[in-house]
Protein chains: 2
Amino acid sequence: MLDDIDRVLVSRLQQDATQPYAALGAAVDLSAGSAHERVRKLRERGVIRRTTVDVDPAAVGRDVLAYVLLGSDAWMGDAATRDALAAIPEIQEAHIIAGTASVLVKVRTATTEDLQALLRRLFAIDGVTSTQTIVVLESFFERPVSVDPD
Amino acid sequence: MLDDIDRVLVSRLQQDATQPYAALGAAVDLSAGSAHERVRKLRERGVIRRTTVDVDPAAVGRDVLAYVLLGSDAWMGDAATRDALAAIPEIQEAHIIAGTASVLVKVRTATTEDLQALLRRLFAIDGVTSTQTIVVLESFFERPVSVDPD
DNA sequence: CGACTTGACCGTACCAGATTCGGAAGGCAG
DNA sequence: CTGCCTTCCGAATCTGGTACGGTCAAGTCG
C-alpha cells in the first residue's frame with residue numbers, strides 16, 4: 001500500500017512542504033516528475049490530507065495548554081455533542097474515550113482565567129456532569145505522526 | 001503584534017497552504033505582492049513555524065490512539081527523560097503536567113498489542129513507576145490552533 | 001513464443017505563479 | 001514643513017510546477 005519511497009517522501013514533506021520536487025526526487029533517487037507523480041497519488045489516495053502551516057500557539061495568544069476529561073450521565077457520542085465542542089475555538093481536539101470519563105478534549109487558552117471560563121462553558125454542554133483538568137506546565141515536544149514502518 | 005489581516009492570512013494558510021498568493025491577497029483585499037510580504041514576515045517572526053503536510057494516521061498504520069499518564073518517583077523534567085521519550089516514534093506528544101501524574105504522552109500504534117508493547121517500554125524509562133492509559137474509541141476532530149482573537 | 005496491457009519512470013517544454021524591485025501614499029516625530 | 005518608516009501596488013524576471021510523449025520492465029493471455 002505504501003512503499004519505502006512513499007514513506008521517505010511523506011516524511012520529507014512533513015518536515016518542509018515548500019521544497020521543490022527536484023529536491024524531493026533527489027532524496028529518493030527519482031526525477032522531479034516521478035516524485036511529483038507519487039506525491040499526487042498520495043494526495044489522491046488521502047494519505048496526505050492537505051498542505052498546511054504550523055503556527056506557534058504562543059504567537060497567537062494561546063499560552064495555556066490543558067487536557068480536560070469530561071464525565072457524563074448520558075451517551076456523548078452523537079453529533080450534537082461534537083457540534084457543541086467544535087463551536088468552541090479554544091478546543092483543539094475532542095475524543096470519545098474508554099474508562100471512567102467519556103470525552104477527552106485538548107484546549108488552548110490565553111490565560112488561566114480563560115481556562116476557567118472555558119470549563120464553565122464545558123459544564124454547560126448537555127450531559128456533562130464533571131470535569132477533570134490536567135494543566136500542562138511544559139511541553140517536551142509535539143510532532144507529526146511518524147511514518148516509520150515498525 | 002498580529003493584526004486582523006495577518007489572522008485571516010494564517011487561517012487561510014492553515015486550511016490550504018498551496019493556494020497562490022493572488023488568491024490569498026484577494027481574501028484580504030491586498031495585492032499578491034503585499035500578501036506575500038506579510039506571509040514572509042510571519043515566517044520570519046516565527047508565527048508560522050513551517051509548512052507541512054497533514055497525514056492520515058490510519059493510512060500509515062497508526063490506527064490506535066491513546067493518552068498515557070506516567071507516574072514517577074523522581075523529577076522527570078530533564079533532557080534525559082525528553083530524549084528517552086523522543087526516541088520512541090509512536091509518541092506524538094509529551095508534556096510535563098500538574099497533578100498526580102508527572103508526564104502525559106499521546107501515542108499512536110498500529111494495534112492494541114503494539115500499545116501494550118509500548119507501555120512496557122514506557123515502564124522501562126528511568127523514574128517511571130506507574131502508567132494510566134486512556135484509549136480513544138473515536139475522535140470527534142483534531143484541528144489546528146485557532147487564530148481567532150477572543 | 002509473441003502480442004498486448006499496465007505501471008512506473010525519464011526528459012523536455014511551456015507557462016503559472018513566486019519573488020524581487022522601484023516607486024507612491026500614508027502616518028508620525030522632530 | 002521635512003525626513004523617516006511602513007505598507008502598499010504594479011511590473012519584470014525567473015524559478016519551479018505541470019503536462020506530454022516516449023522508453024522500459026513485468027505481467028497476462030492466446
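Keep in mind that the numbers below use all heavy atoms, side chains included, and drop hydrogens, waters and symmetry copies. Everything numeric in this text was worked out from a predicted model, so none of it was measured. A note on names: the letters A, B, ... follow the listed sequences, proteins ahead of strands, and every chain is numbered from 1.
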### Summary
Rounded to 10°, the helix from C/dC1-D/dG30 to C/dG30-D/dC1 deviates from straight, judged by its five-pair end axes, by 20°
### Results of side chain to side chain donor-acceptor pair (under 3.5 Å) for A/Tyr21 - residues two or more places apart only
none
### salt bridge (charged side-chain N to carboxylate O under 4.0 Å, His left out) against A/Arg43, all qualifying residues, sequence neighbours excluded
none
#### Entry: ring pair (Phe, Tyr, Trp, His ring centres under 6.0 Å) between A/Phe141 and B/His95, intermediate numbers included
CA-CA 7 Å; A/Phe141 57 81; B/His95 311 279; 8.3 Å; no
Contacts table for residues 1-17 of chain A: side-chain donor-acceptor under 3.5 angstrom, sequence neighbours left out:
{"from": "A/Asp3", "atom 1": "OD1", "to": "A/Ile5", "atom 2": "N", "distance (Å)": "3.2"}
{"from": "A/Asp3", "atom 1": "OD1", "to": "A/Asp6", "atom 2": "N", "distance (Å)": "2.9"}
{"from": "A/Asp3", "atom 1": "OD1", "to": "A/Arg38", "atom 2": "NH1", "distance (Å)": "3.2"}
{"from": "A/Asp3", "atom 1": "OD2", "to": "A/Arg38", "atom 2": "NH1", "distance (Å)": "3.2"}
{"from": "A/Asp3", "atom 1": "OD2", "to": "A/Arg38", "atom 2": "NH2", "distance (Å)": "3.3"}
{"from": "A/Asp6", "atom 1": "OD1", "to": "A/Arg38", "atom 2": "NH1", "distance (Å)": "3.0"}
{"from": "A/Arg7", "atom 1": "NH1", "to": "A/Val147", "atom 2": "O", "distance (Å)": "2.7"}
{"from": "A/Gln14", "atom 1": "NE2", "to": "A/Val145", "atom 2": "O", "distance (Å)": "3.0"}
{"from": "A/Asp16", "atom 1": "OD1", "to": "A/Thr18", "atom 2": "N", "distance (Å)": "2.8"}
{"from": "A/Asp16", "atom 1": "OD1", "to": "A/Thr18", "atom 2": "OG1", "distance (Å)": "2.6"}
{"from": "A/Asp16", "atom 1": "OD2", "to": "A/Thr18", "atom 2": "OG1", "distance (Å)": "3.4"}

### Message
Among residues 31-53 of chain A, which ones have heavy-atom contacts with DNA chain C below 4.0 Å?
### Response
A/Ser31, A/Ser34, A/Arg38, A/Lys41
### Task
Provide, to the nearest angstrom, the distance between the CG atom belonging to A/Leu24 and the P atom belonging to C/dC10.
13 Å
Under 3.5 Å, sequence neighbours excluded: what are the donor-acceptor pairs made by side chains of residues 74-82 of chain B?
{"from": "B/Asp78", "atom 1": "OD1", "to": "B/Thr81", "atom 2": "N", "distance (Å)": "3.4"}
{"from": "B/Asp78", "atom 1": "OD1", "to": "B/Thr81", "atom 2": "OG1", "distance (Å)": "2.8"}
{"from": "B/Thr81", "atom 1": "OG1", "to": "B/Met76", "atom 2": "O", "distance (Å)": "3.4"}

### Summary
Here the distance between atom C1' of C/dA18 and atom OH of A/Tyr21, to the nearest Å, is 15 Å
### Summary
Residue set satisfying side chain to side chain donor-acceptor pair (under 3.5 Å) with B/Thr133, at least two apart, ordered chain then number -> none
### Task
Could you tell me which residues satisfy side chain to side chain donor-acceptor pair (under 3.5 Å) with A/His36, sequence neighbours excluded, listed by chain and number?
none
### Task
Would you kindly give the CG-to-C1' distance between A/Asp3 and C/dA8, to the nearest whole Å?
11 Å
### Message
Under 4.0 Å from a heavy atom of chain B: give me the 5'-most and 3'-most nucleotides of DNA chain D that qualify.
### Response
D/dT7 to D/dC9
### Task
Name all residues meeting the side chain to side chain donor-acceptor pair (under 3.5 Å) criterion together with A/Arg45; count only those two or more places apart in sequence or in a different chain, and write none if there are none.
none
### Task
Scan residues 121-147 of chain B for pairs that pass salt bridge (Lys or Arg N to Asp or Glu O under 4.0 Å), counting only residues two or more places apart or in two chains.
B/Lys106-B/Glu142, B/Arg108-B/Glu142
### Spacing between A/Gln19 atom CD and C/dA18 atom C1', to the nearest angstrom
17 Å
### Message
Taking salt bridge (charged side-chain N to carboxylate O under 4.0 Å, His left out) as the definition, give me every residue that meets it alongside A/Glu44, ordered by chain and number, with sequence neighbours left out.
### Response
A/Arg40
